[in-house]
Amino acid sequence: MKIAITGLQNSGKTTVFNALTGLNFETTAYSSVMEEPNIGVVKVPDERVDHLASLYNPKKTTYATIEYIDYIGLTGGDQEHNRKVFDLIKDVDAIVEVVRAFQDESVTHPEGDLGPGRDAGNIETELIFFDLELIEKRLARIKESAKRGKKIDQRERDLLLKCREGLEREIPLREAEFSPEEVQAMRHLQFLSLKPNIVLLNISEGDIGSDAINTLAATLVREDSAASVIPLSAKIEMEIAQLPPEEAAEFMKDLGIREAALNRLIRASYARLGLISFLTAGTDEVRAWTIRKGTRAQKAAGKIHSDIERGFIRAETVACDDFLATGNMAEARKKGLYRLEGKTYELKDGDIVNFRFNV
Ligand SMILES: Nc1nc2c(ncn2[C@@H]2O[C@H](COP(=O)(O)OP(=O)(O)OP(=O)(O)O)[C@@H](O)[C@H]2O)c(=O)[nH]1
Ligand SMILES: [Mg+2]
């Protein structure tokens with residue numbers, strides 16, 4: 001999974017990136033001129049994988065991973081500048097929008113003063129502009145081929161017009177309604193405002209846990225929107241990410257932070273994208289695999305190898321919690337917790353699966 005960290009200049013994107021990845025890229029009080037994006041891959045913490053690895057003692061333990069990308073900030077109204085960012089991130093699975101809510105005189109604000117609501121709105125507007133531009137380009141191309149006497153794709157044209165109509169009313173595509181066929185047809189278009197988003201409200205360290213911040217957070221996304229807002233202090237989280245685990249735990253307790261940014265954001269990303277993990281376990285490897293909720297067993301097998309999908313016979317599954325409670329496969333089998341499932345079985349989060357196949 002690939003997630004872009006974006007936002008206005010100096011909102012704390014690189015600080016967030018460092019907090020998530022444990023890396024230590026330069027953060028600056030003036031807006032940076034970055035040539036190359038920062039890219040970092042993080043393991044998705046998963047206690048089930050830890051438990052299984054301690055039982056099987058496998059040669060290899062593989063966690064699910066997320067790739068984070070951090071690049072230059074967006075500039076309100078400068079589409080040419082923003083295109084550099086958007087071209088880089090148009091294939092990501094989700095967008096984290098960093099919105100500044102911390103007070104700090106020494107850090108320049110591109111808009112002159114603090115305004116989280118305004119800034120969150122500006123980010124949305126830039127995503128919408130980018131999508132409108134994409135639509136105009138495609139419509140022009142369709143018109144061009146019509147002129148040359150080629151048959152045009154009327155369905156695509158209608159869909160583009162429908163998207164444009166909503167975007168012109170400033171409704172991001174992710175909040176518009178589309179049929180499953182339309183969603184399918186839009187997949188290759190890489191619209192940005194269609195991507196699931198998470199608003200990360202970057203607050204002052206003194207505001208951690210404050211009621212005022214929760215109220216502010218609630219105003220940042222439309223009430224009926226699926227987007228989530230996560231308030232956190234990127235600066236503090238970055239310090240935490242650089243500490244050894246025990247010290248980090250102590251520091252978090254003192255500050256009243258229950259869970260590190262990395263875990264909170266990963267949970268929100270999985271929920272927002274409708275993702276779950278299934279597990280495979282053995283003495284060679286214990287591994288977590290990320291799939292969409294509702295994926296059927298045969299399709300999920302294809303994550304591991306296309307041969308297993310093609311030659312699928314059945315899936316032997318047990319819920320990880322059931323397995324850990326019984327302690328071993330034989331016991332789980334005896335209790336009927338270890339089941340044989342067919343190709344249409346929808347895998348559940350935390351299922352341990354052994355695929356039987358034949359090629
Ligand atoms: N007080 C405070 N300062 C912060 C916080 N997060 C970031 N900063 C500071 O704000 C400045 C900008 O942070 P960066 O992470 O470089 O911001 P950015 O969005 O990556 O900036 P550009 O890449 O230049 O657009 C740095 O001086 C950070 O130390 C925070 O939560 N609290
Ligand atoms: Mg930066």
Side-chain angles (χ1 to χ4, degrees), residues 3-40 42 67-89 92 95-116 118-120 122-123 126-127 197-210 212-214 216-217 220 229-243 248 251-252 254-257 259-262 264-265:
I3 298 185
I5 299 169
T6 187
L8 303 187
Q9 285 160 359
N10 265 352
S11 54
K13 299 177 296 300
T14 303
T15 310
V16 168
F17 176 86
N18 285 342
L20 297 174
T21 57
L23 297 171
N24 206 351
F25 282 98
E26 189 190 11
T27 61
T28 50
Y30 48 88
S31 95
S32 61
V33 274
M34 209 181 200
E35 309 254 304
E36 295 293 323
N38 295 327
I39 295 178
V42 304
E67 183 178 316
Y68 287 107
I69 305 173
D70 162 46
Y71 196 35
I72 47 177
L74 302 174
T75 304
D78 186 347
Q79 275 168 275
E80 205 175 300
H81 169 92
N82 296 339
R83 208 175 295 126
K84 279 186 240 157
V85 179
F86 292 151
D87 278 336
L88 179 81
I89 67 169
V92 299
I95 296 178
V96 169
E97 303 171 1
V98 181
V99 172
R100 173 168 172 180
F102 64 87
Q103 293 277 7
D104 192 333
E105 293 294 322
S106 68
V107 181
T108 331
H109 194 300
E111 298 286 335
D113 61 348
L114 215 54
R118 172 202 60 209
D119 295 352
N122 284 351
I123 297 172
E126 295 308 323
L127 299 178
N197 65 329
I198 293 166
V199 177
L200 205 155
L201 192 61
N202 189 8
I203 62 176
S204 300
E205 35 280 48
D207 285 336
I208 294 169
S210 99
I213 287 299
N214 291 332
L216 170 64
L220 289 186
V229 184
I230 300 184
L232 55 79
S233 163
K235 201 171 168 184
I236 294 289
E237 296 284 351
M238 179 175 150
E239 283 174 34
I240 293 170
Q242 318 277 338
L243 292 173
F251 189 44
M252 282 166 63
D254 288 348
L255 288 163
I257 300 173
E259 203 184 9
L262 172 68
R264 286 173 69 195
L265 193 65

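Positions are given from 1, in the same order as the sequence printed here. Order of listing sets the numbers, starting from 1, for every ligand and every atom in it.
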S.K.: Is the contact between I236 and ligand 1 made by the side chain, the backbone, both, or neither, using heavy atoms and a 4.0 Å cut-off?
M.R.: neither

S.K.: In the structure I gave you, are the side-chain heavy atoms of F86 and L127 within less than 4.5 Å of one another anywhere?
M.R.: yes

S.K.: Minimum heavy-atom separation for L216 and A101, please, with both atom names.
M.R.: CD2-CB, 4.4 Å

S.K.: Give the intermediate values and the outcome of side-chain hydrogen bond (donor to acceptor under 3.5 Å, both in side chains) for residues T14 and E26.
M.R.: CA-CA 8 Å; T14 303; E26 189 190 11; over 6 Å; no

S.K.: For E126 versus G77, what's the shortest heavy-atom pair and its separation?
M.R.: OE2-N, 2.8 Å

S.K.: Has G7 got any heavy atom lying under 4.0 angstrom from an atom of ligand 1?
M.R.: no

S.K.: So, do I236 and L255 sit near enough that their side-chain heavy atoms are less than 4.5 Å apart?
M.R.: yes

S.K.: Could you say whether the N/O atoms of K13 and ligand 1 ever approach to under 3.5 Å?
M.R.: yes

S.K.: Hey, does F25 have a side-chain heavy atom less than 4.5 Å from the side chain of D70?
M.R.: no

S.K.: With heavy atoms under 4.0 Å as the rule, classify the contact between N202 and ligand 1 as side chain, backbone, both or neither.
M.R.: side chain

S.K.: List every atom of ligand 1 that sits less than 4.0 Å from any heavy atom of E205, numbering the atoms from 1 in the order shown and giving each element.
M.R.: 1 (N), 32 (N)

S.K.: Hey, is ligand 1 close enough to I72 that some N/O pair sits below 3.5 Å?
M.R.: no

S.K.: Side chains of Q103 and D207, heavy atoms from C-beta outward: is any pair under 4.5 Å?
M.R.: no

S.K.: Under 4.0 Å, counting heavy atoms only: does M238 come that close to any atom of ligand 1?
M.R.: no

S.K.: Answer side chain, backbone, both or neither: which part of N10 comes under 4.0 Å from ligand 1, heavy atoms only.
M.R.: both

S.K.: Ligand 1 and Q9, any nitrogen or oxygen pair closer than 3.5 angstrom?
M.R.: no

S.K.: Does any N or O of ligand 1 fall below 3.5 Å from an N or O anywhere on Y71, backbone included?
M.R.: no

S.K.: Flag the pair R118 / D113 as yes when at least one side-chain heavy-atom distance between them is below 4.5 Å, and no otherwise.
M.R.: yes

S.K.: Considering the heavy atoms of T14, write down every atom of ligand 1 situated less than 4.0 Å from one of them.
M.R.: 15 (O), 18 (P), 20 (O)

S.K.: Just wondering, do H81 and I72 contact through their side chains at under 4.5 Å, heavy atoms?
M.R.: yes

S.K.: Report the part of D104 (side chain from C-beta onward, or backbone N, CA, C, O) that has a heavy atom under 4.0 Å from ligand 1; answer both or neither where that applies.
M.R.: side chain

S.K.: If the contact criterion is a heavy-atom separation under 4.0 Å, does I203 count as touching ligand 1?
M.R.: yes

S.K.: Just so I know, are the side chains of L243 and F251 near enough to count as touching, which here means a heavy-atom distance under 4.5 Å?
M.R.: yes

S.K.: Nearest heavy atom to atom 13 (O) of ligand 1: which of L201, T75, T15, V98 does it belong to?
M.R.: T15

S.K.: Check contact between S204 and ligand 1, using heavy atoms of the residue and a distance below 4.0 angstrom.
M.R.: no

S.K.: Are any of the side-chain heavy atoms of P37 and K84 separated by less than 4.5 Å?
M.R.: no

S.K.: If we set the cut-off at 4.0 Å for heavy atoms, which region of E26 has an atom near ligand 1: side chain, backbone, both, or neither?
M.R.: neither

S.K.: How about N38: does one of its N, O or S atoms come closer than 2.8 Å to the Mg ion (ligand 2)?
M.R.: no

